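A short worksheet on the structure shown next.
Keep in mind that the numbers below use all heavy atoms, side chains included, and drop hydrogens, waters and symmetry copies. Here the structure is a predicted model, which is why all the values come from computation and not from measurement.
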Amino acid sequence: MHVNEAIVGRQSIREFDTSRDVSNEVIENILGVAGRSPSGSNIQPWKVWVVRDEAKEKISNACYERHMSGDLGEREYNYYPVNWREPYINRRRATGWGLYGVLGIKKEDKEKMQLQHGRNYTFFDAPVGMFFTIDRDMELGSWIDCGMFIQSLMLAARAEGLETCSQAAFCNYYDTVMQLLGAPDDQMLICGMSIGYAAGESVVNTFRTEREPVSTYTTFLTKPNQV
Ligand SMILES: Cc1cc2nc3c(=O)[nH]c(=O)nc-3n(C[C@H](O)[C@H](O)[C@H](O)COP(=O)(O)O)c2cc1C
């Protein structure tokens, strides 16, 4: 697969093929590829927890239950802005309503929204779940490194015919997740991920997000911008 195809063709998959498992050999292979990601001074600050079968189910059940009971949980770090503003509000809205739109879920249908959001906690039926953690005392730069690792992993997965969905949703119940992982207190949960083969026919997977044109986020300079 051409690297551009791996990047451009990637999309968050929210319905996986329940009839196809992913072997630990394949998982180890893509983790090895992702491990070649760069990091400042090559310190490789990422840690990965792979869950399947009973381990996955325990986390899944506990988080799903909390979510469905109306417990919003809390996050150990702010993934999103504390004070939302434009242009981010609009982009976020377009994504949320776009996703619910393809599923025919309307604004007032809170129950259906809760159920769809709850699918996060069943890993969208993926056979394998992953969690990424980082040593609590690491700085922002190491979080950047972990982001690169996670993207590399998603691309390496595609080379194996696998798809993914990164999930900050698990951070709401980080205490439950970390406890069931048996992760030590010096670890912080960055996010979770579902990984598997995409479901053959799936409405939710038809959802495609847009991107801003290059000109909106890039400045080309040939002369100093300020004198
Ligand atoms: C770190 C991270 C966390 C995310 N968390 C969630 C999540 O909890 N649930 C979900 O359905 N999608 C989640 N997403 C997927 C984003 O919504 C998605 O990447 C974005 O809308 C762009 O769409 P695309 O991945 O299909 O290109 C997450 C993405 C990232 C990078």
When you compare the side chain of [Y] with that of [X], does any pair of heavy atoms fall below 4.5 Å?
{"X": "Gln167", "Y": "Ser194", "value": "yes"}
{"X": "Cys63", "Y": "Val177", "value": "yes"}
{"X": "Lys58", "Y": "Val51", "value": "no"}
{"X": "Asp186", "Y": "Pro184", "value": "yes"}

Nearest non-hydrogen partners of [X] and [Y], listed with the distance:
{"X": "Glu163", "Y": "Gln11", "result": "OE1-O, 4.3 Å"}
{"X": "Val128", "Y": "Ile27", "result": "CG1-CD1, 4.0 Å"}
{"X": "Ser142", "Y": "Ile43", "result": "OG-CD1, 3.7 Å"}
{"X": "Leu31", "Y": "Val50", "result": "CD1-CG2, 4.1 Å"}
{"X": "Met178", "Y": "Thr133", "result": "CE-CG2, 3.8 Å"}
{"X": "Pro127", "Y": "Arg52", "result": "O-CB, 3.7 Å"}

Give me the ring orientation class for His67 and Tyr64: parallel if the planes are under 30° apart, tilted from 30 to 60°, perpendicular past 60°.
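Correct class here is tilted.
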Check for a donor-acceptor pair, side chain of [X] on one end and backbone N or O of [Y] on the other, with a separation under 3.5 Å.
{"X": "Thr218", "Y": "Ser215", "answer": "no"}
{"X": "Arg20", "Y": "Tyr197", "answer": "no"}
{"X": "Thr95", "Y": "Arg91", "answer": "yes"}
{"X": "Asp135", "Y": "Asp137", "answer": "no"}
{"X": "Gln44", "Y": "Ser39", "answer": "no"}
{"X": "Glu15", "Y": "Asn205", "answer": "no"}
{"X": "Ser60", "Y": "Tyr121", "answer": "yes"}

Salt bridge or not for Arg66 and Asp175, using N-O below 4.0 Å?
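Yes, charged N to carboxylate O under 4.0 Å.
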Salt bridge flag under 4.0 Å for residues Asp185 and Arg136
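Salt bridge flag = no for Arg136 with Asp185.
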Quick check on the hydrophobic clustering: are [X] and [Y] connected, directly or via other members, by side-chain heavy-atom contacts under 4.5 Å?
{"X": "Tyr174", "Y": "Met68", "answer": "yes"}
{"X": "Phe16", "Y": "Met154", "answer": "no"}
{"X": "Met193", "Y": "Val26", "answer": "yes"}
{"X": "Met148", "Y": "Trp143", "answer": "no"}
{"X": "Val204", "Y": "Phe207", "answer": "yes"}

Rounded distance (nearest 0.5 Å) linking atom [atom1] of [X] with atom [atom2] of [Y]:
{"X": "Asp109", "Y": "Leu103", "atom1": "CG", "atom2": "CG", "result": "11.5 Å"}
{"X": "Lys47", "Y": "Met188", "atom1": "NZ", "atom2": "CE", "result": "14.0 Å"}
{"X": "Leu99", "Y": "Ile105", "atom1": "CG", "atom2": "CD1", "result": "7.5 Å"}
{"X": "Phe124", "Y": "Cys165", "atom1": "CZ", "atom2": "SG", "result": "4.5 Å"}
{"X": "Ile13", "Y": "Thr164", "atom1": "CD1", "atom2": "OG1", "result": "8.0 Å"}
{"X": "Glu5", "Y": "Arg10", "atom1": "CD", "atom2": "CZ", "result": "12.0 Å"}

Do [X] and [Y] meet the criterion of a side-chain donor-acceptor pair at a distance under 3.5 Å?
{"X": "Asn29", "Y": "Glu160", "answer": "yes"}
{"X": "Asn90", "Y": "Glu86", "answer": "yes"}
{"X": "Thr209", "Y": "Arg211", "answer": "yes"}
{"X": "Ser69", "Y": "Asp71", "answer": "no"}
{"X": "Asn172", "Y": "Arg75", "answer": "yes"}
{"X": "Arg14", "Y": "Asn120", "answer": "no"}

Output field: ring centroids [X]/[Y] closer than 6.0 Å:
{"X": "Tyr88", "Y": "Trp84", "answer": "no"}
{"X": "Phe123", "Y": "Phe170", "answer": "yes"}
{"X": "Phe132", "Y": "Trp49", "answer": "no"}
{"X": "Phe149", "Y": "Trp46", "answer": "yes"}

Would you please test Ile150 and Cys191 for side chain to side chain contact (heavy atoms under 4.5 Å, CB included) and show each step?
CA-CA 10 Å; Ile150 293 167; Cys191 68; 4.0 Å; yes
Taking atom CD of Gln114 as the centre, report whether more than 12 heavy atoms of other residues, nucleotides or ligands fall under 6.0 Å from it.
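Yes, the 6.0 Å shell around CD holds more than 12 heavy atoms from other groups.
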side-chain contact (heavy atoms from CB on, under 4.5 Å), paired with Ile190, selected from Tyr77, Tyr79, Phe131:
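Result for side-chain contact (heavy atoms from CB on, under 4.5 Å) with Ile190: Tyr77.
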